[in-house]
J.: 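One structure follows; several queries about it will come next.
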Amino acid sequence: ATERTLSIIKPDATKRNLTGKINAKFEEAGLRIVAQKRIQLTKAQAGEFYKVHAERPFYDELCEFMVSAPVVVQVLEGENAIAKNREVMGATNPADAAEGTIRAEFAESVGENSVHGSDAPETAAEEIAFYFSGLEIVG
Ligand code: CMP
């Protein structure tokens, strides 16, 4: 089925001017960028977005990292977009990511791993609504 997923191009990637190269990977995989904006997250917004990880030892580091430079938030649309995006991103840890994936090519570490993608339909809906209003998404 056609799905939408929330994608974030993270600070390590925006700092290195990789937005276009990462977007090319999405488009080559058949994912359409139906909404996109470059924003500077606040610490409070980063903390809220990643609240499911609040008890993890890396939570503070993760939130600090996400506010260290702008991010590009986007909605990707396509057939099985959630799984397809996760395939294009590669494993969370770039050391485990398959050749040709975004994280294998661009990520610096498990923390500074260039991209985020929703992991399931329910979280995709929540994460899209966190950053975008319906009017901002043009399929
Ligand atoms: P993301 O898909 O954005 O969701 C949660 C993030 O936590 C994950 O990508 C990683 O960037 C980060 N993360 C996961 N494990 C670690 C870790 N061991 N150390 C630092 N960051 C981590």
Side-chain angles (χ1 to χ4, degrees):
T2 300
E3 288 177 341
R4 287 176 172 173
T5 192
L6 189 278
S7 166
I8 306 177
I9 302 179
K10 295 186 180 183
D12 66 287
T14 63
K15 274 198 278 200
R16 288 178 291 148
N17 221 14
L18 293 170
T19 300
K21 283 187 173 150
I22 290 172
N23 279 347
K25 295 271 195 195
F26 295 142
E27 293 185 338
E28 280 160 16
L31 293 164
R32 303 182 73 82
I33 302 163
V34 295
Q36 175 168 259
K37 57 192 173 189
R38 180 175 168 100
I39 59 174
Q40 173 63 55
L41 287 173
T42 65
K43 194 79 194 296
Q45 290 167 332
E48 174 68 16
F49 182 76
Y50 278 120
K51 67 185 175 200
V52 294
H53 297 304
E55 303 307 319
R56 305 275 198 106
F58 56 80
Y59 179 67
D60 283 341
E61 186 189 325
L62 173 62
C63 295
E64 288 292 348
F65 166 61
M66 292 300 288
V67 304
S68 66
V71 295
V72 175
V73 293
Q74 42 193 196
V75 179
L76 306 180
E77 183 181 88
E79 190 67 17
N80 297 318
I82 296 165
K84 188 173 283 179
N85 181 39
R86 294 179 72 78
E87 211 177 288
V88 175
M89 288 193 296
T92 303
N93 187 342
D96 303 327
E99 200 180 324
T101 61
I102 291 168
R103 284 165 171 160
E105 281 191 27
F106 303 124
E108 304 195 295
S109 65
V110 66
E112 307 205 357
N113 64 353
S114 302
V115 280
H116 165 82
S118 307
D119 63 3
E122 308 71 45
T123 45
E126 279 174 32
E127 291 181 2
I128 288 169
F130 186 88
Y131 291 108
F132 293 98
S133 77
L135 286 173
E136 293 177 303
I137 306 169
V138 183

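Counting convention: from 1, in listed order, for ligands and their atoms alike.
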J.: Do Val138 and Val34 come close enough that some side-chain heavy atom pair is under 4.5 Å?
T.: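 Not in contact.
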J.: Got a salt bridge between Lys21 and Glu105, using NZ or NE/NH1/NH2 to carboxylate O under 4.0 Å?
T.: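 No, Lys21 and Glu105 are not salt-bridged.
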J.: Report the residues that fulfil salt bridge (Lys or Arg N to Asp or Glu O under 4.0 Å) with Lys51, sequence neighbours left out, ordered by chain and then residue number.
T.: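 Partners of Lys51 by the salt bridge (Lys or Arg N to Asp or Glu O under 4.0 Å) criterion, ordered by chain and then number, come out as Glu48.
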J.: Which atom pairs, nitrogen or oxygen on both sides, join ligand 1 and the protein at under 3.5 angstrom?
T.:
{"from": "ligand 1", "atom 1": "2 (O)", "to": "His116", "atom 2": "ND1", "distance (Å)": "3.1"}
{"from": "ligand 1", "atom 1": "3 (O)", "to": "Lys10", "atom 2": "NZ", "distance (Å)": "2.7"}
{"from": "ligand 1", "atom 1": "3 (O)", "to": "Tyr50", "atom 2": "OH", "distance (Å)": "2.6"}
{"from": "ligand 1", "atom 1": "3 (O)", "to": "His116", "atom 2": "ND1", "distance (Å)": "3.0"}
{"from": "ligand 1", "atom 1": "9 (O)", "to": "Lys10", "atom 2": "NZ", "distance (Å)": "3.2"}
{"from": "ligand 1", "atom 1": "11 (O)", "to": "Lys10", "atom 2": "NZ", "distance (Å)": "3.1"}
{"from": "ligand 1", "atom 1": "11 (O)", "to": "Val110", "atom 2": "O", "distance (Å)": "3.0"}
{"from": "ligand 1", "atom 1": "11 (O)", "to": "Gly111", "atom 2": "O", "distance (Å)": "3.3"}
{"from": "ligand 1", "atom 1": "11 (O)", "to": "Asn113", "atom 2": "OD1", "distance (Å)": "3.3"}
{"from": "ligand 1", "atom 1": "11 (O)", "to": "Asn113", "atom 2": "ND2", "distance (Å)": "3.3"}

J.: Between side-chain atoms of residues 64-73 and protein atoms elsewhere (two or more places apart, or another chain), which donor-acceptor pairs fall under 3.5 Å?
T.:
{"from": "Glu64", "atom 1": "OE2", "to": "Lys43", "atom 2": "NZ", "distance (Å)": "3.2"}
{"from": "Ser68", "atom 1": "OG", "to": "Phe65", "atom 2": "O", "distance (Å)": "2.6"}

J.: Kindly write out the residues that satisfy side-chain hydrogen bond (donor to acceptor under 3.5 Å, both in side chains) with Thr123, not counting sequence neighbours, or none if the list is empty.
T.: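 By the side-chain hydrogen bond (donor to acceptor under 3.5 Å, both in side chains) rule, Thr123 matches Asp119.
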J.: Is the shortest side-chain heavy-atom distance between Glu27 and Ile33 below 4.5 Å?
T.: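 With C-beta onward as the side chain, the pair touches.
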